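Report on the structure given below.
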Amino acid sequence: MKRFLTSLLEAALRRAVQKGRLPEVELPQVVLDYPPEGRFGDYATNLAMVLAPRCGMSPREVASRVLEELEGSEVLSRVEVAGPGFINLFLKDEVWFEALRTACLQGEGYGRVDVGRGQRVLVEFVSANPTGPLHIGHGRIAALGDTLARLLERAGYRVEREYYINDVGTQMELLGRSVYARYCELSGLRVPFPEEGYRGDYIREIAEGILKEEGRRYLEVPEEEAVRRLAERAKEVILGWIRDDLERFRVSFDRWSSERSLYEAGEVQEVLEELRTKGLLYEREGALWFKSTLFGDEKDRVVVRASGATTYFASDIAYHRRKLQRGYDILIDLWGADHHGYVKRVEAAVEALGYGKERLKVILVQLVNLLRGGERVSMSTRAGEFATLKEVMDEVGVDACRYFFLLRRAESPLDFDLELAKRQGEENPVYYVQYVHARIASILRKAAERGVGVPPPEEVDLSPLELPEEREIAKQVGLFPEVVEGMALSLEPHHLPPYLHRLAGTFHSYYNKHRVLSEDRALTAARLLLVQGVKQVVRNALELLGTTAPEEM
RNA sequence: GCGCCCAUAGCUCAGUCCGGAUAGAGCGACGGACUACGAAUCCGUAGGUCAGAGGUUCGAAUCCUCUUGGGCGCGCCA
């Protein structure tokens, strides 16, 4: 609707200029806003105020000349000039009421838009090191990334989800050493625990498991080999946990991409060669540097250390090249916000490889402060006291958990207090929304019990709907597609909960005042279509959030 | 020291990209509503120098500058 009105206004502007009602000036981008109150209409634009100085006319004068060109529109019931020069647009009631019919007819497909036009997008997220279970911060990124992916799918993009596994280097070695140490301990040998090792109990669990299954064979091979093989075993175990947790969290990936495979396929060497050929590498103090400053980074970055070992950055360049070569139009990376210093160098790498910087969009997600009764819970994996995603799912449930994570925009830190989440229990916003769905399901059950048939949507006469609340509800339903579009374009899924909450609030209020099922058959039929439309939108929106829409609660 | 992000109601946050009308929610607080399709709901009340100062503008929470306070980054770590 917004899109339609925008083009309507653009056309009106052009006509006004053609007819000489407005001087030939550069026309501004038409931006439609949602005015703060109903009395200012369904949509409003300030374009007359933007245009006025260029035309040498007063804003109100410009506005009224544009309005002349809008007369007789099929969808508008009224247009007005208001305040300092706003143009307020009032839609005909039928336009919104018809959205209810559309929602019912399109069902699950309602809210599908096509801003993506089939572009291919890769969303890479979570990508936690396989050195320990997922914690709550990963959960936030998982919820955000998955909802973003669902959103983009609904907005007409071809989306794939990918998890990048950092399975080489220091972390892996440390993992192997930690498991080895516990393994030795369990076999009755005293060995020093590695300085920076992973101290969580899960390491002992893994060591126990291996001991049980394979006995003491790792004591009979050289330590270095044992460490290497134990790291590999531990990685598999931990990745299994990660997969399980994510599956339960309703997040699934199309591809798990391993860092090591980049080395094995020679892609790291290849990309270094490519950069060398382009003259973007140089040697200094024994190390090999990438000239990232040429592309806006603050300083050049090392890709091969003096020791001959490549850096994490080097494989990350190779990884991004691999992704780009697979032909995606857009790459989206979700990272923890502590990596923000890393953004510029990866953007630089993408550019250096000959791809536009706009192909890569990095979304930084602030970490979660986990609180328990107001007290901060430490989340260091090394120290071994972390709040795992699993624990949180057990405690507050997947629905509430996912909804909660989507409540704030990615860049703001999130305080997650478990005690609070439990205490809020029934007043949790997710239940408020789910309750709408359950309530409507209940009404429909009741209608069936009473033998009140629900006619096919295309046959229902909507004219009995005339209450302002009904118009408002229908409008909220009608806005869903453009809400989806807006979130997909801005990559900001956090607007969904407020939208849902508003729809739910409007509905609950209406429900308490008016009855759906009554003696008046025509009115009942119309209202049944109304609630079905609401139910469908709630369901579709909850689906985007990865939250269930229960028939009863 | 340099760079990035942030500061809006008692608390947690939208709104900032693209300046516009009386700055919005939730939670918490207080007072009401179930013999009605589900009270996990509803109705009402209270609550604001948009951190501070200056600037641009017809108009600033929004743009610019400075100050204060907080977070993060600045490795041949990942």
Side-chain angles (χ1 to χ4, degrees), chain A residues 28-29 31 33 35-37 39-40 44-46 49-50 52-53 58-59 82-86 88 127 129 131 166 168-172 174 196 259 284-289 298-299 301-316 336-344 364 366-367 369 407-409 411-417 420 423-436 438-447 449-450 452 490 492 494-495 497-498 501-502 504-505 507-518 524 527-528 531 550 552-553:
Chain A
Q29 175 103 31
V31 178
D33 284 319
E37 285 172 54
R39 67 187 170 96
F40 293 133
T45 178
N46 66 349
M49 290 183 278
V50 176
S58 78
F86 289 101
N88 294 337
S127 299
N129 292 340
T131 52
N166 299 124
V168 288
T170 328
Q171 311 262 9
M172 276 292 109
L174 220 45
E196 296 281 299
E259 181 180 5
R284 194 175 77 202
E285 293 160 18
L288 198 59
W289 298 68
E298 292 146 26
K299 50 179 287 195
R301 308 291 175 176
V302 171
V303 286
V304 181
R305 288 175 272 202
S307 68
T310 49
T311 59
Y312 174 80
F313 180 44
S315 47
D316 223 18
D338 51 338
H339 288 63
H340 76 75
Y342 202 76
V343 176
K344 273 196 179 146
L364 297 173
Q366 286 286 345
L367 299 182
N369 295 316
L407 238 29
R408 308 222 181 310
R409 55 194 235 273
E411 316 83 80
S412 49
L414 174 67
D415 285 336
F416 197 119
D417 191 315
L420 204 67
R423 190 159 60 77
Q424 280 179 345
E426 303 183 342
E427 281 144 36
N428 196 304
V430 66
Y431 300 126
Y432 185 78
V433 173
Q434 288 179 321
Y435 191 43
V436 171
R439 251 184 168 171
I440 292 173
S442 172
I443 294 172
L444 297 175
R445 281 194 298 271
K446 189 70 72 177
E449 272 171 35
R450 294 185 189 175
V452 181
S490 63
E492 288 179 340
H494 72 276
H495 296 298
H501 201 272
R502 180 165 178 188
F507 174 79
H508 281 313
S509 174
Y510 171 74
Y511 177 89
N512 273 276
K513 261 170 86 180
H514 307 284
R515 295 184 56 81
V516 173
L517 305 176
S518 67
T524 299
R527 287 186 172 170
L528 279 171
V531 299
E552 44 189 270
M553 302 173 61

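The structure displayed is predicted, hence computed values, not measured ones. Lettering follows sequence order; numbering is per chain, from 1.
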From L407(A) atom CG to H501(A) atom NE2, the distance as rounded to the nearest 0.5 Å
9.0 Å

Heavy atoms only, 4.0 Å cut-off, all strands: where does F313(A) land among base, sugar-phosphate and nothing?
nothing

Paired with C66(B): which nucleotide, if any, by Watson-Crick or G-U wobble criteria at under 3.5 Å for both distances?
G52(B)

Using the P atom as the reference point in each nucleotide, state the distance between A14(B) and G54(B) in Å, no decimals.
28 Å

Is there a Watson-Crick or G-U wobble partner for G3(B) with both distances under 3.5 Å, and which nucleotide is it?
C72(B)

If you check every side-chain atom of S509(A), which of C37(B), G15(B), C43(B) has the closest atom?
C43(B)

Euclidean distance, atom NE2 of residue H508(A) to atom P of C42(B) [Å, nearest integer]
6 Å

Value for CD (E259(A)) from OG (S315(A)), rounded to nearest 0.5 Å, stands at 3.5 Å

Identify whether any heavy atom of E285(A) sits under 4.0 Å from a base atom; if not, whether one sits that close to sugar-phosphate; answer base, sugar-phosphate or nothing.
base

With a non-hydrogen cut-off below 4.0 angstrom, is E552(A) in contact with a base, only sugar-phosphate, or nothing?
base

Can you list everything that forms a salt bridge (Lys or Arg N to Asp or Glu O under 4.0 Å) with E411(A)? Sequence neighbours excluded, please.
R409(A)

For F507(A) and A40(B), give me the distance from atom CZ to atom C1', rounded to whole Å.
14 Å

To the nearest Å, how far apart are R450(A) CZ and C37(B) P?
7 Å

Any R439(A) side-chain N or O less than 4.0 Å from OP1/OP2 of A39(B)
yes

What do you reckon, do H339(A) and the base of A78(B) stack, with centroid distance below 5.5 Å and planes below 30°?
yes

Who is the Watson-Crick or G-U wobble partner of A25(B), with both distances under 3.5 Å?
U12(B)

Rounded to the Å, how far apart are H495(A) NE2 and C13(B) P?
16 Å

Does a nitrogen or oxygen in the side chain of Y511(A) sit under 4.0 Å from OP1 or OP2 of A40(B)?
no

Residues L528(A) and A447(A): closest non-hydrogen pair is CD2-CB, 4.4 Å

Enter the distance from N88(A):CG to D33(A):CG here, rounded to the nearest 0.5 Å.
10.5 Å

Classify the nucleic acid contact of E411(A) as base, sugar-phosphate or nothing, counting any heavy atom under 4.0 Å across all strands shown.
nothing

Please determine whether side chain to side chain contact (heavy atoms under 4.5 Å, CB included) holds for the pair I440(A) and Y511(A), giving the CA-CA distance in whole Å, both sets of side-chain angles, and the decisive distance to 0.1 Å.
CA-CA 10 Å; I440(A) 292 173; Y511(A) 177 89; over 6 Å; no

First of N88(A) and W289(A) reached from the 5' end of RNA chain B, by closest nucleotide
N88(A)

Go through C76(B), G3(B), G38(B) for me and flag the one nearest to the R445(A) side chain.
G38(B)

Between atom CG in L444(A) and atom C1' in G38(B), what is the gap in whole Å?
13 Å

Sort out the partner of A60(B) for me: Watson-Crick or G-U wobble, both distances under 3.5 Å, none otherwise.
none

Identify whether any heavy atom of A44(A) sits under 4.0 Å from a base atom; if not, whether one sits that close to sugar-phosphate; answer base, sugar-phosphate or nothing.
base

What nucleic acid atoms does P413(A) come within less than 4.0 Å of, heavy atoms only: base, sugar-phosphate, or nothing?
sugar-phosphate

So, is S58(A) close to the C58(B) phosphate, meaning a side-chain N or O under 4.0 Å from OP1 or OP2?
no

Just checking D338(A): base, sugar-phosphate only, or nothing, at a heavy-atom cut-off of under 4.0 Å?
sugar-phosphate

In whole Å, what is the span from the CG atom of L414(A) to the P atom of C5(B)?
21 Å

Does S518(A) put a side-chain nitrogen or oxygen below 4.0 Å from OP1 or OP2 of C37(B)?
no

Heavy atoms from other residues, nucleotides or ligands near CZ of R502(A) exceed 12 (cutoff 6.0 Å)
no

Over how many whole Å does the gap from L364(A) atom CG to C5(B) atom P extend?
11 Å

Taking a pair as Watson-Crick or G-U wobble with both distances under 3.5 Å, which nucleotide is matched to G19(B)?
none

What about D33(A): does its side chain form a donor-acceptor pair under 3.5 Å with the base of A21(B)?
no

Using the P atom on both, measure C17(B) against A61(B) and round to a whole Å.
12 Å

Just call it for A447(A): base, sugar-phosphate, or nothing, with non-hydrogen atoms closer than 4.0 Å on any strand.
nothing

Give the intermediate values and the outcome of side chain to side chain contact (heavy atoms under 4.5 Å, CB included) for residues H508(A) and V436(A).
CA-CA 7 Å; H508(A) 281 313; V436(A) 171; 3.4 Å; yes

Is the glycosidic torsion of C34(B) within 90° of 0, making it syn, or is it anti?
syn

Would you please confirm or rule out a distance under 4.0 Å between OP1 or OP2 of C6(B) and any side-chain N or O of R409(A)?
yes

With a 3.5 Å limit on both atom pairs, tell me what C30(B) is paired to, counting Watson-Crick and G-U wobble, or say none.
G44(B)

Side chains of R439(A) and S442(A): does their closest heavy-atom pair fall under 4.5 Å?
no

Can a donor-acceptor pair be found between the side chains of R527(A) and Y510(A) at a distance below 3.5 Å?
yes

Over all strands shown, is S490(A) touching base, sugar-phosphate only, or nothing at heavy-atom distances under 4.0 angstrom?
nothing

Pairwise P distance for C34(B) and A46(B), with rounding to whole Å:
24 Å

Provide the distance between the two C1' atoms, one in G48(B) and one in A23(B), to the nearest whole Å.
9 Å

Can you tell me, in whole Å, how much space there is between the P of G47(B) and that of G24(B)?
15 Å

How long is the line joining CG of N512(A) and P of G32(B), in whole Å?
18 Å

Heavy atoms from C-beta onward define the side chain here; which of A78(B), C13(B), C42(B) lies closest to that of S412(A)?
C13(B)

Centroid distance below 5.5 Å plus an interplanar angle below 30 degrees: do Y435(A) and U41(B) meet both conditions?
no

Which of A78(B), C76(B), G15(B) is nearest the side chain of Q171(A)? It is A78(B)

Mind checking the P distance from C18(B) to G75(B)? Whole angstroms is fine.
32 Å

May I ask you to say what S442(A) touches in the nucleic acid, namely base, sugar-phosphate or nothing, with a heavy-atom cut-off under 4.0 Å?
base

Whole-Å C1' distance, C2(B) and G19(B)
32 Å

Going by modelled atom types, is there a donor-acceptor pair between the base of C72(B) and the side chain of H340(A) at under 3.5 Å?
yes

Taking only N and O in the side chain of K299(A), is any of them less than 4.0 Å away from OP1 or OP2 of G75(B)?
yes

Which residue lies more 5' along RNA chain B, comparing K513(A) with K344(A) via nearest heavy atoms:
K344(A)

